[in-house]
Amino acid sequence: MLFNYFMPTKVYFGKNILWQKKEEFKNFGKKAYIVTGMRSSKVNGSLDDVIKVLEDNGTEYVIFDEVEENPSIETIEKAALVGKEEKVDFIIGIGGGSPLDASKAIGIFINNPEVNGENIFQLKNLKSIPVIAVATTSGTGSEVTQYSIVTDHKELTKKNLGQSVFPHIAFLDPSYTMDMSYDVTISTAIDAFTHLVEGYLNSNANDLTDIMAEKGIELFGQCIKNLLENNIDYSNREKLMLASTLGGMVIAQTGTSLPHGMGYPLTYFKNVPHGKANGILYGEYLKVFKDKERVNRVLSLLNVKDLEEMIDILNKLMQCDVEITEKEIKVYAETMCSNEGKLKNHPEKIGYDEIYNIYVNSLIKKIK
Ligand code: NAP
Ligand code: ZN
């Protein structure tokens with residue numbers, strides 16, 4: 001047995017956790033930069049809670065609340081400009097993966113004045129100002145990963161910023177997710193599930209990531225019935241949040257693989273939410289995965305009898321409403337074939353034809 005494990009983020013989990021651990025916010029400087037999305041953090045109570053804690057601690061703050069879903073480099077540069085002008089000391093990202101990923105990127109831009117949207121992808125080992133993550137979706141695990149996935153409109157794609165920014169602290173309070181819409185709940189839960197599975201069926205998997213992936217898959221499995229019935233109580237929200245954070249811890253070590261690489265064009269060109277974009281490819285991905293022993297272990301952890309039952313569950317949870325042409329699929333499959341970063345995480349040999357077939361068989365009903 002030989003492996004490395006590195007996850008330097010302090011994790012606080014539970015109801016009302018921000019207030020209980022408010023002293024933690026005093027350790028990063030005099031002025032905080034709150035980075036969040038346009039609406040949800042104002043509704044679910046997370047923004048109010050952060051403000052209350054900062055005011056109680058006597059910490060100054062400014063707010064940037066313009067992060068869109070799948071954040072663009074342009075938005076990140078805009079936010080960084082404000083942060084620099086305001087001379088902020090640290091960032092508190094509040095929201096789903098989009099504001100959290102944006103926070104990490106903004107932290108790098110603020111800390112490195114020579115960095116811009118053009119050169120960031122070539123530069124290496126850039127450091128960020130400290131980032132605290134307050135997660136309000138149970139999906140990406142971004143609060144415990146080093147990744148920042150951004151939308152690059154010049155290259156017409158989403159990609160990893162290529163820097164490593166682990167948040168200093170992750171705050172996880174499942175109550176912020178209680179009023180999440182059914183669609184966002186499903187898409188984010190499926191994202192967490194795909195992180196756990198892609199980290200489990202991965203070239204970089206090790207005994208420690210397997211332990212976390214197996215626990216996370218089991219937790220997701222325990223929620224399936226309630227997800228199908230749209231009867232999602234606090235205990236399910238808690239399990240999904242834990243599963244999502246475990247998924248983040250896993251992919252922080254292993255990276256994601258094929259379905260994530262294949263899902264990005266569906267999000268960029270077809271507007272399919274991130275989790276769903278991976279999830280609709282999953283049945284076909286697992287069918288072509290050759291190590292059936294490992295796939296069967298996933299199915300048994302989910303407590304489903306076979307792959308067909310799992311596919312049936314995914315189909316009930318997500319409608320495949322993507323309109324796509326064969327020509328588009330060919331381009332996506334070719335792009336995936338040149339995505340060495342994702343391919344190397346897939347532990348088996350796979351070529352253009354199999355990738356093309358995963359797309360076709362997953363999206364066939366809608367091919368024009
Ligand atoms: P998101 O894009 O952050 O948010 C999706 C929607 O959910 C937004 O409309 C958001 O509203 C809303 N929302 C957030 N929290 C809510 C709550 N508690 N209640 C109700 N609505 C809520 O979604 P996400 O799936 O969490 O993040 C997706 C992004 O993360 C993608 O860009 C993906 O590529 C990236 N990602 C990152 C990693 C990583 O390791 N860093 C891993 C996987 C995926 P507002 O806009 O108003 O906030
Ligand atoms: Zn993901």
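Just follow the structure's listing: the first ligand is 1, and inside any ligand the first atom is 1. Here, residue 1 is the first one in the sequence, and each next residue gets the next number.
- Using 4.0 Å as the threshold, Ser181 has no heavy atom nearer than that to any atom of ligand 1.
- Cation-pi geometry between Arg294 and Tyr200 is met: under 6.0 angstrom from the ring centre, within 45 degrees of the axis.
- Other residues, nucleotides and ligands place more than 12 heavy atoms under 6.0 Å from the CG atom of Asn116.
- The shortest N or O to N or O distance between Thr188 and ligand 1 is not below 3.5 Å.
- Against a heavy-atom cut-off of under 4.0 Å, Tyr147 is close to the following atoms of ligand 1: 40 (O), 41 (N).
- Residue Gln122 qualifies as enclosed at atom CD: its count of foreign heavy atoms under 6.0 Å is above 12.
- Under a cut-off of 6.0 angstrom, the local environment of CG in Asp291 is crowded, with over 12 non-hydrogen atoms contributed by other residues, nucleotides or ligands.
- Without hydrogens or angle criteria, Asn236 side chain to Asp233 main chain gives a donor-acceptor distance under 3.5 Å.
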Evaluation steps, ring pair (Phe, Tyr, Trp, His ring centres under 6.0 Å), between Tyr356 and Tyr359: CA-CA 5 Å; Tyr356 174 82; Tyr359 274 125; 8.2 Å; no
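- Close N/O approach between Ser40 and ligand 1 is found [any backbone or side-chain N/O within under 3.5 Å].
- For the pair Lys15 and Tyr234, the cation-pi test (distance below 6.0 Å, angle within 45°) is passed.
- Lys78 is linked by a side-chain hydrogen bond (donor to acceptor under 3.5 Å, both in side chains) to Glu66, counting only residues two or more places apart in sequence or in another chain.
- For ligand 1, the polar-atom distance check finds an N/O of Thr137 within less than 3.5 Å of one of the ligand's N/O atoms.
- Of the possible polar contacts, one joining the Ser187 side chain to the Lys276 backbone as a donor-acceptor pair under 3.5 Å is found.
- Ligand-side atoms of ligand 1 in range of His195: 42 (C), 43 (C), range being under 4.0 angstrom from any heavy atom.
- Listed by number with element, the atoms of ligand 1 under 4.0 Å from a non-hydrogen atom of Asn70 are 31 (C), 32 (O).
- Under 4.0 Å from ligand 1, the heavy atoms of Tyr176 that appear belong solely to its backbone.
- Under a 4.0 Å criterion applied to the non-hydrogen atoms of Gly37, ligand 1 contributes the atoms 48 (O).
- Residue contacts with ligand 1 do not include Lys42, since none of its heavy atoms lies under 4.0 Å from the ligand.
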Derivation of the ring pair (Phe, Tyr, Trp, His ring centres under 6.0 Å) call for Phe6 and Phe166: CA-CA 10 Å; Phe6 182 67; Phe166 279 103; 5.6 Å; yes
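- Between Thr177 and ligand 1, no N or O atom pair is found at a separation short of 3.5 Å.
- Near Arg39, meaning under 4.0 Å from one of its heavy atoms, ligand 1 places the atoms 47 (O).
- Looking from atom 42 (C) of ligand 1 to the surrounding protein, the closest heavy atom is Thr140 O, 3.5 Å.
- Checked by atom type and distance alone, the side chain of Thr140 pairs as donor or acceptor with a backbone atom of Ser142 at under 3.5 Å.
- Note: Asn204 CG to Lys344 NZ = 6.5 Å, rounded to the nearest 0.5 Å.
- For the pair Tyr264 and ligand 1, the shortest N or O to N or O distance does not fall below 3.5 Å.
- Distance from atom 9 (O) of ligand 1 to its nearest protein heavy atom, with residue and atom name: Glu69 OE2, 3.0 Å.
- At a cut-off of 3.5 Å, with distance as the only test, no side-chain donor of Ser72 or Lys158 sits close to an acceptor on the other residue.
- Atom CG of Asp306 has more than 12 heavy atoms from other residues, nucleotides or ligands within 6.0 Å.
- Taking any N or O of Ser98, backbone or side chain, at least one lies under 3.5 Å from an N or O belonging to ligand 1.
- The contact set between ligand 1 and Thr136, taken as ligand atoms under 4.0 Å from a residue heavy atom, comprises 14 (C), 15 (N), 16 (C), 17 (C), 18 (N).
- A side-chain N or O of Glu328 and one of Thr325 form a donor-acceptor pair less than 3.5 Å apart.
- With a 4.0 Å heavy-atom cut-off, ligand 1 is reached by the side chain of Asp191 but not by its N, CA, C or O.
- Ligand 1 has a nitrogen or oxygen under 3.5 angstrom from a nitrogen or oxygen of Gly97.
- Less than 2.8 Å away from the Zn ion (ligand 2), the protein contributes these N/O/S atoms: Asp191 OD1, His195 NE2, His260 NE2, His274 NE2.
- Residue-ligand proximity, Lys158 to ligand 1, at heavy-atom distances under 4.0 Å covers atoms 31 (C), 32 (O), 33 (C), 34 (O).
- For a threshold of 3.5 Å applied to N or O pairs, the pair formed by Asn44 and ligand 1 contains at least one separation below that value.
- Remark: ligand 1 atoms within the under-4.0 Å shell around heavy atoms of Pro99 are 3 (O).
- Annotation: ring pair (Phe, Tyr, Trp, His ring centres under 6.0 Å) contacts involving residues 115-156, sequence neighbours excluded, comprise His153-Tyr268.
- With sequence neighbours left out, the side-chain contact (heavy atoms from CB on, under 4.5 Å) criterion links Lys127 to Asn111.
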